[in-house]
Amino acid sequence: MDMFGGFDGPNRPHMNAVDEDVAKSRFKEKEQRLHRYGPPGFVRESVNLLIAVGVLVIVFYLIKWLA
């Protein structure tokens with residue numbers, strides 16, 4: 001250990017090590033979560049709001065066109 005209490009070289013803890021397989025699995029996890037749950041918070045709510053407004057506008061014009 002150095003004078004600041006950290007780890008150096010081969011004594012470095014595994015959780016801080018950069019491992020290509022770990023990085024790939026974490027990326028795959030995040031990608032699967034995005035596909036399963038959709039984009040995070042603000043983006044999802046914004047898209048839902050735009051869709052709702054679009055549907056209301058279409059319904060309004062259909063009612064106006066039929067009346």
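When a residue number appears, it is its place in the shown sequence, counting from 1.
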Mind checking whether Ile51 and Phe60 sit in one hydrophobic cluster, side chains of I, L, V, M, F, W, Y counted as touching below 4.5 Å?
-> no
Residue set satisfying salt bridge (Lys or Arg N to Asp or Glu O under 4.0 Å) with Lys24, at least two apart, ordered chain then number -> Glu20
Transitive ILVMFWY side-chain link Val55 to Ile63, under 4.5 Å = yes
Look up atom CD in Gln32 and atom NE2 in His35, then write down how far apart they are to the nearest 0.5 Å.
-> 8.5 Å
Is there a chain of hydrophobic side chains (I, L, V, M, F, W, Y, each step under 4.5 Å between heavy atoms) that links Phe42 to Leu34?
-> no
